[in-house]
4 protein chains.
Amino acid sequence: MKLAEAAPTRRQKVELKEQAIMEAARDAFLENGYDGTRMADIARRAGIAEGTVYLYFRTKNDLMRAFIAGFWADLTEHAIIAVEGIDAPLAALSALATFHIETLIERFDIVQLTQSEPVHPKTSQQNREYMRTYVQVFDDIWRRGVDRCIFESETPLWLVRDIFFGTLEYSARTIKFHPERSAKLVVENLIMVIEQRHRALNAEPPQTIANSDAFLDRLETLVDRLEGVAGSQ
Amino acid sequence: MKLAEAAPTRRQKVELKEQAIMEAARDAFLENGYDGTRMADIARRAGIAEGTVYLYFRTKNDLMRAFIAGFWADLTEHAIIAVEGIDAPLAALSALATFHIETLIERFDIVQLTQSEPVHPKTSQQNREYMRTYVQVFDDIWRRGVDRCIFESETPLWLVRDIFFGTLEYSARTIKFHPERSAKLVVENLIMVIEQRHRALNAEPPQTIANSDAFLDRLETLVDRLEGVAGSQ
Amino acid sequence: MKLAEAAPTRRQKVELKEQAIMEAARDAFLENGYDGTRMADIARRAGIAEGTVYLYFRTKNDLMRAFIAGFWADLTEHAIIAVEGIDAPLAALSALATFHIETLIERFDIVQLTQSEPVHPKTSQQNREYMRTYVQVFDDIWRRGVDRCIFESETPLWLVRDIFFGTLEYSARTIKFHPERSAKLVVENLIMVIEQRHRALNAEPPQTIANSDAFLDRLETLVDRLEGVAGSQ
Amino acid sequence: MKLAEAAPTRRQKVELKEQAIMEAARDAFLENGYDGTRMADIARRAGIAEGTVYLYFRTKNDLMRAFIAGFWADLTEHAIIAVEGIDAPLAALSALATFHIETLIERFDIVQLTQSEPVHPKTSQQNREYMRTYVQVFDDIWRRGVDRCIFESETPLWLVRDIFFGTLEYSARTIKFHPERSAKLVVENLIMVIEQRHRALNAEPPQTIANSDAFLDRLETLVDRLEGVAGSQ
DNA sequence: GATGAATGAGAGTTCATTCAT
DNA sequence: CATGAATGAACTCTCATTCAT
């Protein structure tokens, strides 16, 4: 077995250090904000010299932008993984909501940081770009649900999306300071709201699986009894 | 001789200047953020000398905190006015929602500013204090509705509150960048959601059976078994 | 007698400090060159805080430019004074040459400094502007001499000017390192060259024995004596 | 087997690379000045790694000094070539002047550079050394001219030399910014001045007052003698 | 009370030089 | 020999705060 992994290539080494710097920067930024962070601080955390940082990121600003971009890319990637393989739209939404709120509770500071920075004229525009990519995960699920007539199609997508993410973000914030509150409850409640929207708008309330299951349970019991009658004959 | 209005007392003069400084600070902070604002800038806007600012506010930080406190006091005061005299809880909520989202759209920068600044360890704690006072307006209306059995009382208050404010804040943000979207629609939709919650939890949920594959599978199985029962007779 | 002078006006105080900074800067620049000089150094020499320098000069560059401008203004002013009241063009040129070479010997480093600095794109252009103003002093004298037919008018002005200033500058440099050489000699020699030019180009050399009054006086005396000799025979 | 040319010796290879670096340095220094040039820039221009430069030159300063030395050596060498084979002193001076002014016009930046840099305490001393060697070319011609009685020998050599080089340098500078002016004219004019000096001092003096005085002295003596004769009669 | 000139610590960034590979 | 990543001292400039007037 060749030790191909033991000796990292130059490219890998560069990326490793880049990663290390970005992590140091993230920690520093989270602790003290953008303006509150000194490059010297980042360098120290990364265990390198001040000047070295500039070999990997041209300016403090670039570092911040790279960090934000990385965060969003990561977030989106993990969101996709979180809903992967879940076919049922409602279940997928539930998984996405859970992922979202948990991530936000854990890393609420990052989100705040990514939004608070008027670091650069382009940043705000950039940020919306990232967000758009991220909410795409939601949009895809929703459209799938609409196709299958599980979600109603009257309401504009953005309205539902705003409720979805707005509630989760706000709750993440409040839960952060009221740990006794349950994120699970928030998600369930949110899913319920979405279900209700559908039912309310589709005049004839569209049977949920939950209720139908109860019905089937009763039917099963009935069949059991019939079988019992038949078998005892 | 009533000169009460003609000659402002010393106290009033002090407060007047304090006010002027705070307004100058607000404008500057909103335009350039906390770190982007110079004390000299604030002084210039207030039409006074740089050193004079320090006679009214001990540090730049104090000024920021005063500004934030003022903003929240103002917000709460106006919110109370907005729902004043509206008896019907749903109508009151609607009025509050409208006030909230409109204020946020107009002054989204302020909210962001009040939240983005880790100016001082105490600030974050302080901030939640302000918020608590503010959301009290919502809570009061909600409780009144619960008393009158217009809102259901099962769901924890905070859950509804999170949906309410979370959605409004998020929508305010998105509307900021998509002016074609309607704040009115957001409010209507939100109120509808709240109504539905009540109806959903109180009324008899009208389940019909039809849709789910799983349901049909199980039903088929049962029919098969019934055939078995019938065949064995 | 009012002590108007004892209490400097604000304006005067500002100018005084500005002057002090510029002198500190001049010394520092002369000692270490532009790039070799730190703002901290200038501040220390001026006996003020580093930041204070920036209240008087926006950048290090501005400081340099102000210094250069001041030097040229000074130089021109003194040159004008040096030739003031000297009517005879040749004598005026001689005075100017003496002033120029002596100034350069004393302050050769400054001249070098003013020319060596590619501090700013505009600087070089600016510098030529200053120089033009300065050499104007020469040009005026020369034209006066041409009007009076003391200087010939065939040769382009710039050619004579180049000899004049070129020689003086070069000699100033060499004398700097060979103090035994005489600046006076340089000037005399230069003036002689200029005279010769005139004579050479004005075909018939103007001086024959004829002219000088002193010569004629002595000649007359001699003739008188010869008459005496003749008379006594 | 003679591979002397095919395979450069180690020594040659070293010198080749040294040469390449110095050329890169020269270009960089000329373009951006000493302080404006980065070692990385020089390395890039030379097509080698940053660290490699230090294998050939101990510091940036050394590199600068080497460059200056090279420049002067080159200049002197070419000057010698320029006057080589020209026997007539005046013609040789003319050739030297032409070479000098043309070189300076073309490479005025270099001269400025070589003189502007107080790179090192020793540099200025060094520089004069180079200059001395260079002006030797002039001195040799002049002395030859003096030997042949083409140039007068009264005036100290340095005085003529200062006029010669001073004028050429100054004119080179002005021509640089006034391209319509003719370098040829400068040279012709300068040679004429030198010729005139000789004629003025050697030829039948187109009597100046100084000479007339000598004449008077002789006349006086004569009259004295006549008086003596007359008196003794 | 009001002023604004003065302060000086510290920010981000650069670059000559070193040294492990 | 050659490399170029790493270093860190030093740079210019900013700005919250002070204090003599």
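Chain naming here is simple, since letters A, B, ... match the order of the sequence lines and numbering starts at 1 in each.
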When we call it a touch if two heavy atoms are under 4.0 Å apart, what does A:Val53 touch: a base, just sugar-phosphate, or nothing? nothing

When both distances are under 3.5 Å in a Watson-Crick or G-U wobble arrangement, the nucleotide paired with E:dT13 is F:dA10

Partner of F:dT21 under the Watson-Crick or G-U wobble criteria, both distances under 3.5 Å, comes out as E:dA2

In whole angstrom, what separates [X]'s [atom1] from [N]'s [atom2]?
{"X": "B:Asn32", "N": "F:dC15", "atom1": "CG", "atom2": "P", "result": "11 Å"}
{"X": "D:Arg58", "N": "E:dA16", "atom1": "CZ", "atom2": "P", "result": "16 Å"}
{"X": "D:Met64", "N": "E:dA16", "atom1": "CE", "atom2": "C1'", "result": "16 Å"}
{"X": "A:Ile48", "N": "F:dG4", "atom1": "CD1", "atom2": "P", "result": "20 Å"}
{"X": "D:Asp35", "N": "F:dC11", "atom1": "CG", "atom2": "P", "result": "12 Å"}
{"X": "A:Ile42", "N": "E:dA11", "atom1": "CD1", "atom2": "P", "result": "12 Å"}
{"X": "C:Asp41", "N": "F:dC11", "atom1": "CG", "atom2": "P", "result": "9 Å"}
{"X": "A:Leu63", "N": "E:dG12", "atom1": "CG", "atom2": "P", "result": "11 Å"}

salt_bridge(B:Asp109, B:Arg107) N-O dist < 4.0 Å: yes

Practice problem: Would you kindly compare B:Met39 and A:Tyr56 by the position of their nearest DNA chain F nucleotide and give the one closer to the 5′ end? | Solution: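 The residue whose closest nucleotide sits nearer the 5' end is A:Tyr56.
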
Contacts of C:Thr52 and A:Leu55 projected onto DNA chain F by closest heavy atom; the upstream (5') one is A:Leu55

Selected nucleotide, minimal atom distance to [X] side chain, candidates [options]:
{"X": "C:Glu50", "options": "E:dA16, F:dT12, E:dA11", "value": "F:dT12"}
{"X": "D:Tyr54", "options": "F:dA16, E:dT18, E:dT13", "value": "E:dT18"}
{"X": "D:Ala49", "options": "E:dG8, F:dT12, F:dG4", "value": "F:dG4"}
{"X": "A:Arg38", "options": "F:dC11, E:dA11, E:dC15", "value": "E:dA11"}

According to a strict under-4.0 Å criterion, is A:Lys17 in side-chain N/O contact with OP1 or OP2 of F:dA6? yes

Parallel, tilted or perpendicular: which one describes the rings of B:Tyr130 and B:Trp72, with boundaries at 30° and 60°?
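Ring orientation, 0 to 90° scale: parallel.
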
_Geometric cation-pi criterion C:Lys17 and C:Tyr56, 6.0 Å radius, 45° cone_ = no

- Query: Can the positive tip of D:Lys60 be found less than 6.0 Å from the middle of the six-membered ring of D:Tyr34, inside 45° of the ring normal?
  - Reply: yes

_Quick check against the 3.5 Å criterion: does A:Thr37 have a side-chain atom that pairs as donor or acceptor with the backbone of A:Ala28?_
yes

Both A:Ala40 and C:Gly47 contact DNA chain E. Taking the nearest nucleotide for each, which residue is further toward the 5' end?
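Checking each residue's closest nucleotide, the 5'-ward one belongs to C:Gly47.
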
